[in-house]
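The structure appears below as structure tokens.
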Amino acid sequence: MWTILRDRITTRTTTTMPCSFLAQFHSFPPLRSALFEPSPPPSPHHHRHHRHRHLPPPLSSGFSGGGWSPAIRSFCSTSGCERRAMAGRLESCSSDPSSVSYLTQREAAEIDEELMGPLGFSVDQLMELAGLSVATSIAEVYKASAYKRVLAICGPGNNGGDGLVAARHLFHFGYKPYICYPKRTPKPLYTGLVTQLESLRVPFLSVEDLPPDLSTEYDILLDAVFGFSFHGAARPPFDDILRRLVGMRKSDQTNKKSPVIVSIDIPSGWHVEEGDISGEGIKPDMLVSLTAPKLCAKQFHGPHHFLGGRFVPPPIAEKYNLRLPPYPGASMCVHIGKAPQVDISAMRENYISPEFHEEEVDADPIKQFHKWFEEAVAAGLREANAMALSTAGKDGKPSSRMVLLKGVDEDCFVWYTNYESQKGRQLSENPWASLLFYWESLNRQVRVEGSVEKVSNEESEKYFHSRPHGSQIGAIVSKQSSIVPGRQVLHQQYRELEEKFSNVNLIPKPEHWGGYRLKPELIEFWQGQQSRLHDRLQYRPQEIDGRRVWKIVRLAP
Ligand SMILES: NC(=O)C1=CN([C@@H]2O[C@H](COP(=O)(O)OP(=O)(O)OC[C@H]3O[C@@H](n4cnc5c(N)ncnc54)[C@H](OP(=O)(O)O)[C@@H]3O)[C@@H](O)[C@H]2O)[C@H](O)CC1
Ligand SMILES: Cc1cc2nc3c(=O)[nH]c(=O)nc-3n(C[C@H](O)[C@H](O)[C@H](O)COP(=O)(O)O)c2cc1C
Ligand SMILES: Cc1ncc(COP(=O)(O)O)c(C=O)c1O
Ligand SMILES: [K+]
């Protein structure tokens with residue numbers, strides 16, 4: 001079961017999560033992963049708690065201070081009254097549970113001090129994690145294949161240090177970083193970071209070395225100039241650099257491809273709380289807030305707002321009443337804020353693949369399929385055996401769904417399902433189907449069409465009992481494609497059967513569960529090419545001297 005993050009953060013602040021199904025559909029992959037998180041296993045009273053599911057902030061729930069060292073306990077022993085007073089200063093503490101916390105400048109600095117004081121962190125550690133968060137956020141949105149050249153402009157403080165760390169990680173992710181670090185801090189932490197980058201032969205450029213037009217030389221401009229300690233107006237040489245970043249965005253209108261600007265924690269030059277007061281500041285495409293967004297982030301309306309710095313311990317979250325979205329999986333960053341607006345009509349890929357020639361394919365399409373399938377597995381594709389199965393009943397209306405290929409035997413493609421499902425009914429009325437594989441990162445598609453029959457009961461039995469215990473019970477519980485009154489019904493039946501079969505060696509396969517085998521009459525191998533001039537090699541069987549041989553033709557793309 002999945003819980004939508006919308007329950008945890010939304011409305012009131014700038015970080016409104018899309019709530020309609022369509023908005024979720026429109027959200028791009030990193031956001032999608034951020035939008036969903038597994039919810040706890042269902043409890044019998046689950047439905048009663050449903051309304052309050054979002055109430056405890058995820059990071060602070062269950063915090064008691066127990067089990068921590070005396071230093072941390074004393075840090076945490078702040079009275080409820082003090083906590084409320086602190087919380088009162090925080091935007092996060094509104095009664096609206098749906099907002100992400102925004103920090104004032106003072107709170108940001110205070111959290112920094114507490115992390116590096118009683119909570120035992122060193123600045124090196126936090127900077128490393130911050131820089132890594134920035135690099136992973138960039139890598140989620142701007143792929144190295146299209147945005148290789150990164151200019152990191154680093155300021156004199158820790159924000160600049162984050163930029164140096166991020167540049168190092170980006171190097172290892174396959175980007176080509178350059179550094180402009182005009183006011184170096186002579187502390188071992190910073191000199192070490194510089195040495196590390198020099199050992200990677202990352203070029204350091206002085207302000208004078210920077211090309212006159214930043215937009216032609218770089219794909220990403222990493223703004224690591226000022227963070228939350230910025231105050232007043234930018235002084236030289238940063239005033240000029242920031243002007244160039246602003247100017248560069250303005251020349252955007254001239255149709256030139258301009259690089260994207262990624263700001264670390266604060267768009268440099270913006271007031272930490274008031275934001276872009278003059279309206280003349282830089283307009284980053286991506287903002288990576290660290291720990292929690294600062295108040296100025298409310299004015300960030302660029303397409304990509306990420307949160308990084310996955311190091312906030314519960315005592316901090318509790319004390320500052322931080323309301324933050326959960327990070328997905330093992331990720332160092334999470335996309336927050338609105339889903340970027342996408343122009344669906346403009347979404348397209350240009351496929352670049354080696355040419356695919358008649359001479360190189362196997363005369364036997366099944367052997368050719370095995371070859372491509374092995375390459376898909378070797379390329380690390382998840383579920384390379386997932387295929388769209390299309391069927392149509394006697395009304396002739398087609399329907400498609402994904403199923404898993406479970407083998408290719410005697411030239412036939414095999415999958416397993418419920419014979420009483422919609423597809424089962426359709427196949428009983430019309431035993432013809434088509435299969436479709438799409439191996440996206442290889443620019444490959446395989447179409448298979450043919451007649452379908454059931455596999456033998458013995459074969460189905462054998463496969464059924466090879467499946468995990470839970471899936472066997474699941475197959476008994478699921479009257480596939482029939483209406484169920486609610487999820488709890490499935491769980492209830494599942495629990496009953498689990499109990500029933502707890503001491504049983506072999507769970508009986510339901511009669512109506514088994515395999516189908518499709519005997520191909522057509523197999524087509526498709527490989528994407530530039531300008532839509534794709535390769536399509538189609539195999540069809542022919543009778544020659546009473547033998548079935550495959551004829552290969554090339555089709556227009
Ligand atoms: N816990 C966290 O969230 C972590 C955050 N990190 C990053 O650290 C920065 C904050 O770092 P800090 O060093 O406190 O501040 P800045 O990076 O903003 O830089 C301060 C330096 O900038 C100079 N400064 C300030 N204003 C100006 C100005 N108008 N013109 C020129 N120079 C300016 C300032 O000099 P002063 O003489 O004015 O004091 C400092 O030299 C945070 O935003 C995160 O990016 C950590 O890396 C990890 C933990
Ligand atoms: C990747 C993937 C693999 C699936 N594999 C199977 C499968 O092997 N067998 C199956 O019955 N359903 C499988 N399903 C579920 C089907 O897509 C579908 O929801 C179900 O079979 C009911 O389809 P029907 O109502 O058209 O018969 C899979 C779904 C996905 C997304
Ligand atoms: C309903 C259903 N049945 C069967 C399968 C195939 O699963 P298995 O690999 O366990 O046979 C799937 C896979 O997603 C499924 O969703
Ligand atoms: K910055």
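Both counts, for ligands and for their atoms, begin at 1 and track the order of listing.
Because the distance cut-off is set at 3.4 Å, Asp223 qualifies as a neighbour of the K ion (ligand 4) through one of its N, O or S atoms. Residue side and main chain included, Ser268 places an N/O/S atom under 3.4 Å of the K ion (ligand 4). The K ion (ligand 4) has Phe226 among its coordinating residues (N/O/S atom, backbone or side chain, under 3.4 Å). The K ion (ligand 4) has an N, O or S atom of Ile266 under 3.4 Å away, backbone or side chain. The K ion (ligand 4) has an N, O or S atom of Ile264 inside 3.4 Å of it.
In this structure, CZ in Arg235 is found 9.0 Å from NZ in Lys183, a value given to the nearest 0.5 Å.
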Practice item. Start with the C-alpha gap between Phe525 and Phe369, add the side-chain angles, then the distance that decides, and say whether ring pair (Phe, Tyr, Trp, His ring centres under 6.0 Å) holds. Key: CA-CA 8 Å; Phe525 295 87; Phe369 178 82; 7.1 Å; no

Exercise for review: Starting from the C-alpha separation in whole Å, work towards a yes-or-no answer on side chain to side chain donor-acceptor pair (under 3.5 Å) for Arg487 and His491.
Suggested key: CA-CA 7 Å; Arg487 206 174 157 74; His491 278 291; 3.3 Å; yes

Practice item. Test Thr417 against Lys423 for side chain to side chain donor-acceptor pair (under 3.5 Å), laying out the working first. Key: CA-CA 9 Å; Thr417 190; Lys423 68 182 103 46; 2.8 Å; yes

Review point. For Trp513 and Tyr419, what are the C-alpha separation, side-chain angles and deciding distance, and is it a ring pair (Phe, Tyr, Trp, His ring centres under 6.0 Å)?
Key: CA-CA 6 Å; Trp513 199 93; Tyr419 291 144; 8.2 Å; no

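Closest to atom 12 (N) of ligand 2 among all protein heavy atoms lies Gln480 NE2, 3.8 Å. In terms of protein heavy-atom proximity, atom 14 (N) of ligand 2 is closest to Met402 O, 3.2 Å. In this structure, the protein non-hydrogen atom closest to atom 9 (O) of ligand 3 is Lys406 NZ, 2.7 Å. Closest to atom 21 (O) of ligand 2 among all protein heavy atoms lies Lys423 NZ, 2.6 Å. Nearest protein neighbour of atom 6 (C) of ligand 2, counting heavy atoms only, is Val403 CA, 3.5 Å.
Using a 4.0 Å cut-off to heavy atoms of Glu383, the atoms of ligand 2 that qualify are 1 (C). Every atom of ligand 3 is numbered from 1 in the order shown, and the set under 4.0 Å from a heavy atom of Gln480 is 1 (C). The Thr417 neighbourhood of ligand 2 comprises atoms 10 (C), 11 (O), with distances under 4.0 Å to a heavy atom of that residue. Close approach of ligand 2 to Leu404 (heavy-atom distance below 4.0 Å) involves ligand atoms 3 (C), 5 (N), 6 (C), 7 (C), 8 (O). Atom numbering of ligand 2 starts at 1 in the shown order; those under 4.0 Å from a heavy atom of Arg401 are 16 (C), 17 (O), 18 (C), 23 (O), 24 (P), 26 (O). Of all atoms in ligand 2, listed by their number and element, those nearer than 4.0 Å to a heavy atom of Ser481 are 24 (P), 25 (O), 27 (O).
The residue among Tyr416, Trp513, Tyr463 with a heavy atom at the shortest distance from atom 11 (O) of ligand 3 is Tyr463. Heavy-atom proximity to atom 4 (C) of ligand 3, evaluated over Arg401, Arg467, Gln472, Glu383, is greatest for Arg467. Across the listed options Leu405, Asn418, Asn385, Leu404, Leu404 owns the non-hydrogen atom lying nearest to atom 14 (O) of ligand 3.
In this structure the side chain of Glu280 never reaches within 4.5 angstrom of the side chain of Val246, judged on heavy atoms. Counting heavy atoms from C-beta on, the side chains of Thr391 and Asn430 never come closer than 4.5 Å.
For atom 19 (O) of ligand 2, no protein heavy-atom neighbour is present inside the 4.0 Å cut-off. Distance remark: protein heavy atom not present below 4.0 angstrom from atom 16 (O) of ligand 3.
Contact annotation: Met402 has no heavy atom less than 4.0 Å from any atom of ligand 3. Ligand 2 lies within reach of Tyr416, whose nearest heavy atom is under 4.0 Å from it.
Formation of a donor-acceptor pair under 3.5 Å by the Ser133 side chain with backbone atoms of Gly309 is found in this model. The closest donor-acceptor contact from the side chain of Asp265 to the backbone of Ser289 lies at 3.5 Å or more, if one exists at all.
For the pair Asn418 and ligand 2, the shortest N or O to N or O distance does not fall below 3.5 Å. For Ala386, no nitrogen or oxygen atom sits less than 3.5 Å from a nitrogen or oxygen atom of ligand 2, counting backbone and side chain alike.
A side chain to side chain contact (heavy atoms under 4.5 Å, CB included) with Leu435 holds for exactly one of Val446, Val448, Ile523; it is Val448. Here the rule is side chain to side chain contact (heavy atoms under 4.5 Å, CB included) with Ile264, and of Leu290, Leu287, Asn158 only Leu290 fits it.
By the 6.0 Å and 45° rule, Lys406 does not stack over the aromatic ring of Tyr463.
Pairing each heavy atom of Trp372 with each of Gln445, the nearest pair is CZ3-O, 3.9 Å. Across Ile241 and Cys180, no two heavy atoms sit closer than the pair CD1-SG, 4.4 Å.
Salt bridge annotation for Lys462-Glu458: absent, with no cationic side-chain nitrogen under 4.0 angstrom from a carboxylate oxygen.
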